[in-house]
There are 2 protein chains.
Amino acid sequence: MTKPMPTTDDLLCFALYSTSHAMMRLYRPLLAPLGLTYPQYLVLVALWDRDGRSVGDLGEQVALESNTLTPLLKRMETAGLINRRRGAQDERVVTVHLTDAGSALKDKAAEVTACVFQATGLSLEEVADLRARVEALRHKIEAAG
Amino acid sequence: MTKPMPTTDDLLCFALYSTSHAMMRLYRPLLAPLGLTYPQYLVLVALWDRDGRSVGDLGEQVALESNTLTPLLKRMETAGLINRRRGAQDERVVTVHLTDAGSALKDKAAEVTACVFQATGLSLEEVADLRARVEALRHKIEAAG
DNA sequence: CCTTTTTGTATCGCGTGCGATATAATCGTA
DNA sequence: TACGATTATATCGCACGCGATACAAAAAGG
């Protein structure tokens, strides 16, 4: 007897897909007052960690290629959150720098993170463990690709 | 002394976001020969489980509202995978039915699932456990929303 | 029986993720 | 020194996820 066809509830990919979207829906009303979209927020988190880095380097951290990142950064530049500068040494390289406005959002974002953490209903240990496992999965998938 | 600002590697939301995208990138070349996009595949999985259901009911299972689902179903109808019918009893309700072509993809999709499972490098138990925890998180987030 | 409320789906506009491709700059090699 | 290969970013077109809103049909209430 063959195993029955899995439905969406059996698929890890669906759990990741739907939970990631649920997380975005949770963040969105908290970020909107800061004038931020969810992907912009993630990019800022990376820049608060390390400012003045190349598009490629930033793309590595946020796992996005330049075809997604460049338009996103342009919108953030238009919003006054960052500046982009083309390298003098290597004119292919564009570096991304936080503006004062971009830096100033760091503290507000900390409040957002706290709100979201509370909404998960998980302990710090549970969050850390689940996060590590999900990330480990991504590394395996990327290695397989 | 305050705890340092978390970076992307510390955020569960980023792990979900980036791993979900990595999963999509893994599926895409496997689904493309079947003429399917990733969200279309997830919808088919739900329909293979239960055919002939309303847009709203289907939306509940795939966690998508009608503003996303209706355009997606229209594209699938254009591709000959499904048919949509408006109810005679209740003219507000639209039901979605698999076509022969849509049903026929079920077996091919099983092969895709097997490929993807192998790429994760996880055991069946690990997949099931991780899936359950991620799904539980989604339920908590949705309850908080 | 009529009006208001609720429900189900659809449309609009925007942000964004990605395959494919283009452009320009740098590097490596003969 | 010149040319081909490689690298970094940018553009294009499309799919899709969602807030906001519209429209039509059914249900509820007076």
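We name chains A, B, ... by the order of the sequence lines, and we start the count at 1 in each one.
Salt-bridge formation is detected for the pair E77(A)/R84(A): a Lys NZ or Arg NE/NH1/NH2 atom is positioned less than 4.0 Å from an Asp or Glu carboxylate oxygen. A salt bridge links D57(B) with R50(B): the closest approach of a Lys/Arg side-chain nitrogen to an acidic carboxylate oxygen falls below 4.0 angstrom.
Of the two residues contacting DNA chain C, namely A88(A) and Y38(A), the nearest-nucleotide position lying further toward the 5' end is that of Y38(A). Ranked by how close their nearest DNA chain C nucleotide is to the 5' end, A63(A) and D90(A) are led by A63(A). DNA chain D is contacted by both H21(A) and L73(A); L73(A) maps to the nucleotide lying nearer its 5′ end (nearest heavy atom per residue). Both A22(A) and V94(A) lie near DNA chain D, and the one whose nearest nucleotide falls closer to the 5' end is V94(A).
Nucleic acid contact class of Q40(A) (heavy atoms, under 4.0 Å, all strands): sugar-phosphate only. Among the protein residues, L69(A) comes within range of no part of the nucleic acid, since none of its heavy atoms lies under 4.0 Å from any strand.
Here dG19(C) presents its P atom at 12 Å from CE of M24(B), a figure rounded to the nearest Å. The distance between atom CG of L58(B) and atom P of dA10(C), rounded to the nearest whole Å, is 12 Å. Summarising the geometry, the separation between CE on M76(B) and P on dC16(D) is reported as 9 Å, rounded to the nearest angstrom.
With hydrogens and angles ignored, the 3.5 Å screen pairs a side-chain donor or acceptor of R131(A) with a backbone N or O of D9(B).
Residue Y17(B) forms a ring-ring contact (aromatic ring centres under 6.0 Å, His included) with just one option from Y41(A), Y27(A), Y17(A), Y38(A), and that option is Y38(A).
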E126(A) vs R133(B), salt bridge (Lys or Arg N to Asp or Glu O under 4.0 Å): CA-CA, chis, key distance, verdict: CA-CA 10 Å; E126(A) 288 171 311; R133(B) 293 180 61 188; over 6 Å; no

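Between the side chain of S66(A) and the base of dA8(D), no donor-acceptor pair under 3.5 Å is found. Looking at R92(A), its side chain comes within 3.5 Å of the base of dT7(D) through a donor and an acceptor atom. At a cut-off of 3.5 angstrom, counting only N and O atoms as typed in the model, there is no donor on one side facing an acceptor on the other between the side-chain of N67(A) and the base of dG17(C).
R75(A) has a side-chain polar atom (N or O) that falls below the 4.0 Å cut-off from OP1 or OP2 of dT16(C). Distances shown here put a side-chain N or O of R25(B) below 4.0 Å from the OP1 or OP2 atom of dC18(C). Between T70(B) and dA10(C) there is a side-chain N or O to OP1 or OP2 distance below 4.0 Å. The phosphate of dA10(D) (OP1 or OP2) has no side-chain N or O of K74(A) nearer than 4.0 angstrom. In this model, the phosphate group of dC14(C) is not approached by any side-chain N or O of R28(A) to a distance below 4.0 Å at OP1 or OP2.
Closest to the side chain of R86(A), out of dA10(C), dT9(D), dG17(D), is dT9(D).
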